[in-house]
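What follows is a short report on a single structure.
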Amino acid sequence: MNKHVAPATALPPTLGCTCFRLRRASRKVTQYYDRYLEPSGLKVTQYSLLGNIRASEQISITELAEALGMDRTTLTRNLKPLLDQGLVTVSEGADRRTRAIEVTPEGDAAFKRAVPRWKEAQAKLIETVGRDRVTELHRLIDEAVDRLG
């Protein structure tokens, strides 16, 4: 054992690693929604991207990445399946340095087909976890995100 490396300090079992717990929860919830959305042909990440892009007529990759709290390279990687399926297009933005994303008519139709399945997943999650707990979870997540900047 290297004498220059301090041993890791064990955290109380009630704390553990917040990042690990959030990532595990995120994976579990993503799998849950994906099961419901599977017949629509969309994954929940794709559904979310389409919904956020649809919310504006045209949005730049930078603006969308900032709104979603992700870096541009991750967003570009997540957009690729939507581009390959013809559900979104990327074109020149307001100037030559920016790229704008738009939902195609096919993307709009795919999103609309998925909405009832997403609503079903959301309702079942609320039923399973409990409305008050889901509301509190949303509040805690939003507050933590705000505090972390």
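Scope of the values below: all heavy atoms of this structure, side chains included, with no hydrogens, waters or symmetry mates.
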Ser26 (side chain) donor-acceptor with Leu22 (main chain) under 3.5 angstrom: no
Residues clustered with Ile141, ILVMFWY side-chain links under 4.5 angstrom: Leu137, Val145
Minimum heavy-atom distance Glu102-Ser91, with the two atoms named: OE2-OG, 4.2 Å
Neighbour count above 12 (heavy atom, 6.0 Å) for Asp132 CG: no
Can you give me every donor-acceptor pair (side chain of residues 109-122, partner residue at least two apart or in another chain, under 3.5 Å) with its distance?
{"from": "Lys112", "atom 1": "NZ", "to": "Asp108", "atom 2": "OD2", "distance (Å)": "3.0"}
{"from": "Gln122", "atom 1": "OE1", "to": "Tyr33", "atom 2": "OH", "distance (Å)": "2.2"}

Pairwise distance OH(Tyr32) to OG1(Thr128) - rounded to 0.5 angstrom: 4.5 Å
Partner of Leu79 under side-chain contact (heavy atoms from CB on, under 4.5 Å), chosen from Leu87, Ile101, Asp84, Thr74: Ile101
Side chain proximity check, Arg77 to Lys80, heavy atoms < 4.5 angstrom: no
Value rounded to 0.5 Å, distance of CG in Asp142 from CZ in Arg147: 12.5 Å
Residues which pass salt bridge (Lys or Arg N to Asp or Glu O under 4.0 Å) with Glu63, listed by chain and number, not counting sequence neighbours: none
Donor-acceptor under 3.5 Å (Thr135 side chain, Arg131 main chain): yes
Ionic contact status for Lys124 with Glu127, cut-off 4.0 Å: yes
Closest non-hydrogen atom pair between Gly86 and Glu106, with its separation: O-OE1, 3.8 Å
Approximate separation, where rounding is to 0.5 Å, of Thr104 OG1 and Ile53 CD1: 10.0 Å
Reported CG-to-CG distance for the pair Leu49 and Asn78, which is rounded to 0.5 angstrom: 6.0 Å
Lys/Arg-Asp/Glu bridge criterion (N-O < 4.0 Å) met for Glu136, Arg139: yes
Step-by-step side-chain contact (heavy atoms from CB on, under 4.5 Å) determination, Asp34 to Glu38: CA-CA 6 Å; Asp34 281 350; Glu38 187 175 14; over 6 Å; no
Inter-residue atom distance Arg27.CZ - Gln31.CD, 0.5 Å rounding: 8.0 Å
Atom of Ile61, atom of Leu75 and distance for their closest heavy-atom approach: O-CD2, 3.4 Å
Closest non-hydrogen atom pair, Lys43 against Leu37: C-CD1, 4.0 Å
